[in-house]
Amino acid sequence: PKAGSQQLRSAVIGMGAVPQGPVEGMESGSMSMALAGMMMVGGLVALLTYVVAQAAINFGTFQDLRGQKAEIGECLRQGLAAMPRVIGAGLLAVLAAAVIMLVISLLAFIPIVGIVIMIVGFAAAIALFINWWVIIPVVVVEKTGVLECFGRSRALTAGNRWRILLLLIVVGLGQGVINFILQMIGQIGGVWLAVILTLAVSLFFIAFNAVLTAVGYYTLRSAKEGIIIDESHNNASTLYELIQKGRRGELRPNVTVERK
């Protein structure tokens, strides 16, 4: 009898334990899905914030170089207005780079020819990056379309691409040296100190690169075309754009020409 009661008790406990496994698995799966959803939302928010910040910094820097007031509210408004086009241009640029990397990865294993293709592919990727270096300020300042900004950036960087490449190499080396120093500090002062310093430096270089791009755009455009400041519209135009405004009857007085 005692053995029978023990078997019955074990059976009852076993029956009660059967549904617990799937329930716990469902709860764990739900938590994983919720965590994944939160990470996706957080990543999307971070991306949008980054794009708006880049556009706003570019606009504010350009306005300051023109001697115009760069109020925070106006910079954010311009950044939000340009956000869809900046994202579209960025996606196209990433897609082009992905296609190049895919071709390189597929053909890199071919003897001799693969090495040549790899070198040519990396050179093409760098050339595209330099050609499209100022697409964000072009979109923000000139309000160009997603496709038009690439040709416009290419036209502005023409004749100065080696200088741009050298500038980007210097900035990249500087950032690399700083990151190496932070790693050394992290080994001495602890992981959290290294994480905090790395985050601060990353944010600094995000802002620095946005300012650098805006200054580069201003310098290239001023040297090539001159920048015509239409004070009544608080807008910057090239001579060609000014002529087009005159033909459409949109030209107003108080126009000055700015050359570097």
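This chain uses plain numbering: 1 for the first residue, then up along the sequence.
- Listed by chain and number, the residues in a side-chain contact (heavy atoms from CB on, under 4.5 Å) with Tyr50 are Gln54, Ile206 (sequence neighbours excluded).
- Counting all heavy atoms, side chain and backbone alike, Ala210 lies closest to Ile57 at CB-CG2, 3.6 Å.
- Here the CD1-SG distance, from Ile136 to Cys149, works out to 9.5 Å after rounding to the nearest 0.5 Å.
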Item to check | Asn58/Tyr217 under side chain to side chain contact (heavy atoms under 4.5 Å, CB included): CA gap, chis, key distance, verdict | outcome: CA-CA 9 Å; Asn58 270 273; Tyr217 167 76; 6.0 Å; no

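- Distance NZ/Lys69 to CD/Gln63: 12.0 Å, rounded to 0.5 Å.
- Between atom CZ of residue Phe129 and atom CG of residue Leu165 there is a gap of 10.0 Å, rounded to the nearest 0.5 Å.
- Here the CZ-SG distance, from Phe62 to Cys75, works out to 12.5 Å after rounding to the nearest 0.5 Å.
- Annotation: Leu80, atom CG; neighbour count of heavy atoms from other residues, nucleotides and ligands within 6.0 Å is above 12.
- The shortest side-chain heavy-atom distance between Phe205 and Ile178 falls under the 4.5 Å cut-off.
- Cluster membership for Ile119 and Leu128, using ILVMFWY side-chain heavy atoms within less than 4.5 angstrom, is not shared.
- Leu166 and Phe208 fall into different hydrophobic clusters, where Ile, Leu, Val, Met, Phe, Trp and Tyr side chains are chained together by heavy-atom contacts under 4.5 Å.
- Of the possible donor and acceptor atoms, one in the side chain of Arg85 sits under 3.5 Å from a partner among the backbone N and O of Val139.
- For Leu106, the side-chain contact (heavy atoms from CB on, under 4.5 Å) test picks out Leu102, with sequence neighbours left out.
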Donor-acceptor list for residues 153-160 side chains, cut-off 3.5 Å, not counting sequence neighbours:
unit_1: Ser153; atom_1: OG; unit_2: Asn131; atom_2: O; d: 2.7
unit_1: Ser153; atom_1: OG; unit_2: Val134; atom_2: N; d: 3.3
unit_1: Thr157; atom_1: OG1; unit_2: Ser153; atom_2: O; d: 3.0
unit_1: Thr157; atom_1: OG1; unit_2: Arg154; atom_2: O; d: 3.2
unit_1: Thr157; atom_1: OG1; unit_2: Arg161; atom_2: NE; d: 3.4
unit_1: Asn160; atom_1: OD1; unit_2: Arg163; atom_2: NH1; d: 3.0

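- Atom CH2 in Trp133 sits 12.5 Å away from atom CD1 in Ile135 (nearest 0.5 Å).
- Among residues two or more places apart in sequence or in another chain, the side-chain contact (heavy atoms from CB on, under 4.5 Å) test is passed with Ile196 by none.
- Considering only heavy atoms from C-beta on, Ile164 comes within 4.5 Å of Leu220 through its side chain.
- When side chains are defined from C-beta on, Glu74 does not count as touching Gln68, because their heavy atoms never get closer than 4.5 Å.
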Checklist entry - Would Glu142 and Arg221 satisfy salt bridge (Lys or Arg N to Asp or Glu O under 4.0 Å), going step by step from the backbone distance to the final call? => result CA-CA 11 Å; Glu142 302 184 25; Arg221 187 172 175 183; 3.4 Å; yes

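- Residues Ile130 and Val170 do not share a hydrophobic cluster, defined by chaining ILVMFWY side chains whose heavy atoms lie under 4.5 Å apart.
- In the hydrophobic clustering of this structure, Ile126 groups with Ile169; members are Ile, Leu, Val, Met, Phe, Trp, Tyr whose side-chain heavy atoms approach within less than 4.5 Å, directly or through other members.
- To the nearest 0.5 angstrom, Thr198 atom OG1 is 6.5 Å from Asn179 atom CG.
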List the atom pairs, donor and acceptor, that lie under 3.5 Å between side-chain atoms in residues 86-97 and the rest of the protein, sequence neighbours left out.
none

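- Applying the ring pair (Phe, Tyr, Trp, His ring centres under 6.0 Å) test to Phe150 and every residue at least two apart in sequence or in another chain returns Trp132.
- Under the 4.5 Å side-chain heavy-atom criterion for ILVMFWY residues, a single connected hydrophobic cluster contains both Phe122 and Ile100.
- Inter-residue side-chain proximity for Leu167 and Leu212 is flagged as met; some heavy-atom pair is nearer than 4.5 Å.
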